[in-house]
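Step one of this worksheet: look at the structure below.
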2 protein chains.
Amino acid sequence: MKWDALEEEPCSLARTVAVIGDRWSLMILRECFLRKRRFEAFQSSLGITRHLLAERLKKLVRFGVLRRIPYMESPKRYEYILTQKGLDLYPIIMSIVHWGNVHMVDSRGKPLLHEHKSCGKMFDPLMICSECGEPLNAKQVHTHPGPGARQETLPAKAPAKPKASRTAV
Amino acid sequence: MKWDALEEEPCSLARTVAVIGDRWSLMILRECFLRKRRFEAFQSSLGITRHLLAERLKKLVRFGVLRRIPYMESPKRYEYILTQKGLDLYPIIMSIVHWGNVHMVDSRGKPLLHEHKSCGKMFDPLMICSECGEPLNAKQVHTHPGPGARQETLPAKAPAKPKASRTAV
DNA sequence: ACGATAAAGTTCTATTTTAGAACTGTCAAT
DNA sequence: ATTGACAGTTCTAAAATAGAACTTTATCGT
């Protein structure tokens with residue numbers, strides 16, 4: 001697949017995957033949320049090749065997830081910080097971490113615990129419906145084409161059959 | 001990087017990324033949540049090469065995310081359905097879709113709308129703290145090493161310095 | 001009976017990506 | 001004058017992916 005093809009798809013998942021859907025981007029973002037900001041810091045804690053790191057950072061900046069700001073003049077040195085768009089990735093990162101906590105831990109338990117400053121407790125993230133507040137699960141969700149759905153290239157033979165899809169994503 | 005290295009890391013994000021952290025796995029999972037189950041269905045709707053599709057399906061089965069079940073004897077035909085472990089990926093998929101809805105849509109709006117069967121309304125997913133129920137954001141979260149944290153290979157010189165990390169993942 | 005079609009892969013070569021290591025340029029410290 | 005830090009860039013070899021053809025078992029239409 002060409003990467004660019006993903007961006008063009010009328011699918012919010014595909015478009016997001018075009019931005020963060022590779023191992024290294026997700027690992028770099030983990031480091032960003034852990035307050036790492038500099039090239040050397042990313043490189044040494046991830047073990048990513050310098051070549052790829054430079055490439056991925058460029059991509060994340062290009063997509064507006066990170067901002068590259070100078071922290072030292074002469075020699076020019078830059079660090080990478082999350083933009084609001086980047087900070088908004090937090091639920092993705094947290095749901096990934098949570099799934100790993102549930103399904104990929106060994107007998108010792110979670111590698112990392114999360115404390116919610118607001119309430120002071122160790123927590124897990126929980127995904128709920130914005131409308132009724134109930135926890136979400138795939139089987140309780142229907143999807144419908146939205147305004148940005150793919151343009152139906154009306155086939156001559158098959159007439160439009162606008163039925164709600166019985167699906168979840 | 002070797003893929004296996006990720007699995008071994010004492011990090012729930014890395015371990016999860018080892019399972020679903022590539023473009024095609026995420027796209028295949030999208031199709032799964034959209035009730036696609038068969039090889040040909042995945043292949044034609046994604047445009048993935050048959051070679052890679054076979055490979056990714058094997059991986060997802062190996063990790064227990066999908067189950068391969070025969071739906072026809074002679075000729076043997078199989079379909080792939082989400083296990084509970086796979087269904088538990090729903091919050092990841094939904095948070096990815098939601099970020100795309102917020103940050104990657106064109107002027108026409110969302111490609112897909114989600115209806116919560118329980119309450120009958122179109123919704124967005126919202127991530128909250130399991131303990132206090134408040135919406136989560138990165139800046140309100142501290143992390144602490146958990147029981148499954150990396151074994152400190154105590155360096156002779158640097159004495160253990162057990163301070164809470166001021167971080168978020 | 002014969003060829004066409006279908007599903008679920010497998011096999012092959014060409015192209016693209018990634019790994020791994022070395023190199024560059026600018027400055028500060030010893 | 002040499003060493004080291006930082007933020008990259010450049011190079012070659014190895015691995016992954018794209019794209020197309022091929023395989024196997026069985027059904028359908030004529």
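Below, chains carry the letters A, B, ... as their sequence lines are ordered, and counting in each starts from 1. Only this structure's heavy atoms are used, side chains among them; waters, hydrogens and symmetry mates stay out.
- Look at NZ on B:Lys76: it is 19 Å from C1' on C:dT10, rounded to the nearest Å.
- A cation-pi contact, defined as under 6.0 Å to the ring centre and within 45° of the axis, is absent between B:Arg37 and B:Tyr80.
- The CD1-C1' distance, from A:Ile69 to D:dA7, rounds to 15 Å in whole Å.
- Between A:Met94 and B:Met127, some side-chain heavy-atom pair lies under the 4.5 Å cut-off.
- Closest to the B:Arg77 side chain, of the nucleotides D:dA26, C:dG20, C:dA7, is C:dA7.
- In this structure, B:Tyr71 reaches the sugar-phosphate backbone alone: every heavy-atom distance under 4.0 Å involves primed, P, OP1 or OP2 atoms, never a base.
- Regarding B:Leu52, its CG atom lies at a distance of 13 Å from the C1' atom of C:dT15, rounded to whole Å.
- Rounded to an integer number of Å, the gap from A:Lys59 NZ to C:dT18 C1' is 14 Å.
- Residues B:Glu79 and A:Glu55 each lie close to DNA chain C; by heavy-atom proximity, the contact nearer the 5' end of the strand is made by B:Glu79.
- The nearest whole Å value for the distance from the CD atom in B:Glu73 to the P atom in D:dT27 is 13 Å.
- One can place CG of B:Asp22 at 11 Å from C1' of D:dT17, the figure rounded to the nearest angstrom.
- Residues A:Thr49 and A:His51 bring no donor and acceptor atom of their side chains to less than 3.5 Å of each other.
- At whole-Å resolution of the value, CE in B:Met72 and C1' in C:dA7 are 8 Å apart.
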task = Decide yes or no on side chain to side chain contact (heavy atoms under 4.5 Å, CB included) for B:Asp88 and A:Asn137, but give the supporting numbers first.
result = CA-CA 8 Å; B:Asp88 286 351; A:Asn137 79 304; over 6 Å; no

N/O to N/O distances under 3.5 Å, protein versus nucleotides 8-11 of chain D:
| unit_1 | atom_1 | unit_2 | atom_2 | d |
| --- | --- | --- | --- | --- |
| D:dG8 | OP1 | A:Arg68 | NH2 | 2.9 |
| D:dG8 | OP2 | A:Tyr80 | OH | 2.7 |
| D:dG8 | N7 | A:Arg50 | NE | 2.8 |
| D:dG8 | N7 | A:Arg50 | NH2 | 2.8 |
| D:dG8 | O6 | A:Arg50 | NE | 2.9 |
| D:dT9 | OP2 | A:Lys58 | NZ | 3.4 |

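- Between B:Thr49 and D:dG19, a side-chain N or O to OP1/OP2 separation shorter than 4.0 Å is absent.
- The distance between atom CD of B:Gln43 and atom C1' of D:dA20, rounded to the nearest whole Å, is 11 Å.
- In summary, the aromatic rings of B:Tyr90 and B:Phe33 are positioned with their centroids under 6.0 Å apart.
- Side-chain contact check for A:Asp124 and B:Ser130: no donor-acceptor pair (N or O, by modelled atom type) lies under 3.5 Å.
- A close approach under 4.0 Å does occur between a side-chain nitrogen or oxygen of A:Arg56 and OP1 or OP2 of C:dT18.
- B:Glu115 and A:Thr143 form no side-chain donor-acceptor contact under 3.5 Å, judged by distance and modelled atom types alone.
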